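Below: one structure, written as structure tokens.
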Amino acid sequence: MDDSKVAILIEDLLSKFQVFGEGQDDLRNKMERLEQKVDGLTEDMNIIKPTVRGIIEDMDFIKPTLNKIVNRLDNIEGEIIKINPESRTVLKQIK
């Protein structure tokens with residue numbers, strides 16, 4: 001193979017490697033931006049987690065009280081129906 005052909009092939013390969021390298025740089029930059037976004041989301045999640053845990057604890061505390069209220073309302077409804085059976089229709093509409 002002639003020296004000039006080898007030189008042309010080498011130049012062509014160098015050009016292709018340069019284009020490939022530029023593509024790699026673009027990909028690297030995109031990955032860095034993505035990593036920054038993920039890091040930001042991770043930080044946000046770390047801030048939110050304690051709040052969610054607190055809400056869950058509050059709900060666990062409130063649930064028994066709400067259940068008692070519902071039971072009392074059911075009992076009151078039952079007593080109202082005993083006193084006035086016609087009120088059943090009205091009470092069903094309220095629910």
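Keep in mind it's a predicted model, so treat the numbers as computed, not measured.
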Exercise answer: donor-acceptor pairs, residues 77-84 side-chain atoms, under 3.5 Å, sequence neighbours excluded:
| residue | atom | partner | partner atom | Å |
| --- | --- | --- | --- | --- |
| Glu79 | OE2 | Lys82 | NZ | 3.3 |
| Asn84 | OD1 | Glu86 | N | 3.3 |

Pairs under 3.5 angstrom only: tabulate donor-acceptor contacts from the side chains of residues 23-32 to other protein residues two or more places apart or in another chain.
| residue | atom | partner | partner atom | Å |
| --- | --- | --- | --- | --- |
| Asp25 | OD1 | Arg28 | NH1 | 2.7 |
| Asn29 | ND2 | Asp25 | O | 3.3 |

> When rounded to the nearest 0.5 angstrom, what is the spacing between CG in Leu34 and CG in Asp39?
Replying inline: 9.5 Å
> Taking atom CG of Leu41 and atom CD of Glu43, what is their separation to the nearest 0.5 Å?
Replying inline: 9.5 Å
Can you give me every donor-acceptor pair (side chain of residues 50-73, partner residue at least two apart or in another chain, under 3.5 Å) with its distance?
| residue | atom | partner | partner atom | Å |
| --- | --- | --- | --- | --- |
| Asn67 | ND2 | Lys63 | O | 3.4 |
| Asn71 | ND2 | Asn67 | O | 3.3 |

> When rounded to the nearest 0.5 angstrom, what distance separates CD in Gln18 from CG in Leu14?
Replying inline: 8.5 Å
> Is there a donor-acceptor pair closer than 3.5 Å between any side-chain N or O of Thr42 and the backbone N or O of Val38?
Replying inline: yes
> Shared ILVMFWY cluster between Leu9 and Val6, side chains joined below 4.5 angstrom?
Replying inline: yes
